[in-house]
Amino acid sequence: MAVAPGLVRDAVIGFLETRDEPASVKEILDAVSASLGRVSPSSVRSYLTLNVPSLFSRTERGKYSLSAIDDGNVSHVALAPAVTVDKASLYHANCMDWLRSRDPNSIHAVVTDPPYGLVEYSERELTKLREGNGGIWRIPPAFDGHRRAPLPRFTVLSAQDRVQLHSFFNLFAKRLRKVLVPGANVVVASNPLLSHLVASAMSDAGLELRGTIVRLSMTMRGGDRPKNAHHEFSSVSVMPRSMWEPWVVLRKPLEGRVQDNLRKWKTGGFRRISDDLPFGDVIKSSPTPRAERLIAPHPSLKPQSFLRRIVRGSLPLGEGVVLDPFAGSGSTLAAANALGYESIGVEADPKFVRLADEAIAKLSTLTPR
Ligand SMILES: C[S@@+](CC[C@H](N)C(=O)[O-])C[C@H]1O[C@@H](n2cnc3c(N)ncnc32)[C@H](O)[C@@H]1O
């Protein structure tokens, strides 16, 4: 079966990262096939051979291990932030590489909204979106005279795409685990069709699943009736029209009891809303307001009112560093600035980095509706 080379790379690296000892080609092939489906032995073998010594070292008897962390693969990772605004720093990098270069035990919470189609944020699809040309991005019809935000066509994911998503989130969680302090919360935006996949891929990588935060909103406006047969089947919704967005909650395992972890690492719980109100798992939210979309015209912009609730809650004592590895317009960083929290973002697309440079200060100072 043909599998995108980047996924073979991530699966091989992901497997070798879990190993204390070099692995044989057969062991690597079995692990890659387990996460991506059946992959041809020759593609894995030639991938390994081609990337010695930049990524892999070949040891005695043809076994392989990852090259040292300062190998060619991470040398291009931006070492200095591209953007700094108040207590937020944004790096222009692929977060998978950036995470490998980051010190262990240096991040206290993650709040992020990752890509789901694997390709919707590729250069090709972003160019189509920016030219108003569709591709994987569905440009919804105007509704009541209002132009609506483009949505990625998640429902086009095939079984193979889902396997690849598992491998992407599994590797992502493995890389995250190393940089997180024990007890760090990881809160990941998802959608009702895929949240189970994110939860299992990330918990397979050693993070503990802690539940789901429900963002109550109308995330899929319209489009629920049978396509091209609206009138014929006017009483039918093809699937439940989604009015909520699941944010999967995970945690790096604690060191000792909750109170030990809180004392040592400042993590291990959520910050209460007040003495009387615990941090709850249903948050009412409306679609991102127009004022925010004008400041930060990113296709997946999340609203400040909601992000500030989540970001505030993610650090139980209000101390530490919040990371958004898929930072987009920097909206999570803006929320952190509004709360006086230190934050770090990583964004791969240079145009979104420039957008964030403009948007973070403006988003952080507005009073959300
Ligand atoms: C769903 S959007 C997040 C948007 C964000 N919620 C906001 O409010 O602006 C995901 C972002 O991740 C970026 N991205 C995709 N793959 C990445 C990677 N490997 N490393 C860093 N950024 C990546 C995309 O360019 C996109 O801006």
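FYI, side chains are in, hydrogens and waters are out, and symmetry mates aren't considered; it's all heavy atoms of this structure. Ligands are counted one by one from 1 in listed order, and the atoms in each one are counted from 1 as well.
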### Query
Hey, is Ala93 one of the residues with a heavy atom under 4.0 angstrom from ligand 1?
yes
### Message
To check you understand the geometry: which heavy-atom pair defines the closest contact between Arg263 and Arg257, and what is its length?
### Response
NH1-NH2, 4.3 Å
### Task
Can you figure out which of Lys302, Lys351, Glu347 has its heavy atom closest to atom 27 (O) of ligand 1?
Glu347
### Task
Show which atoms of ligand 1 fall inside a sub-4.0 Å distance from at least one heavy-atom site of Pro114.
1 (C)
### Query
Other than Ile213, what residues sit in its cluster of Ile, Leu, Val, Met, Phe, Trp and Tyr side chains whose heavy atoms are under 4.5 Å apart, directly or through others?
Val111, Val187, Trp247, Val249, Phe270, Phe279, Ile283, Phe306, Leu307, Ile310, Val311, Leu315, Val322, Leu339, Tyr341
### Task
Determine whether the side chains of Ser300 and Asp113 contain a donor N or O and an acceptor N or O closer than 3.5 Å.
no
### Task
Could you pull out the closest heavy-atom pair between Leu301 and Ser329, with the gap in Å?
CD1-OG, 3.2 Å
### Task
Check each atom of ligand 1 against the heavy atoms of Ser331 and keep those under 4.0 Å away; list them by number with element.
7 (C), 8 (O), 9 (O)
### From Phe169, Phe168, Phe326, residue fulfilling ring-ring contact (aromatic ring centres under 6.0 Å, His included) relative to Tyr116
Phe169
#### Entry: Per-residue contact class, Cys95 against ligand 1 - non-hydrogen pairs under 4.0 Å
both
### Summary
The atoms of ligand 1 lying under 4.0 Å from a heavy atom of Leu301, numbered in the order shown, are 7 (C), 8 (O)
### Task
Taking only heavy atoms of Pro325 into account, list the atoms of ligand 1 that are under 4.0 Å away from them.
21 (C), 22 (N)
### Query
Strictly by modelled atom types, are Arg309 and Ser305 linked by a side-chain donor-acceptor pair under 3.5 Å?
no
## Note on the structure
If we number the atoms of ligand 1 from 1 as shown, the ones under 4.0 Å from a heavy atom of Pro115 are 15 (C), 16 (N)
### Query
Are Ser343 and Asn337 linked by a side-chain donor-acceptor pair shorter than 3.5 Å?
no
### Task
Within a distance under 4.0 Å of any heavy atom of Phe352, pick out the atoms of ligand 1 and give their elements.
25 (O), 27 (O)
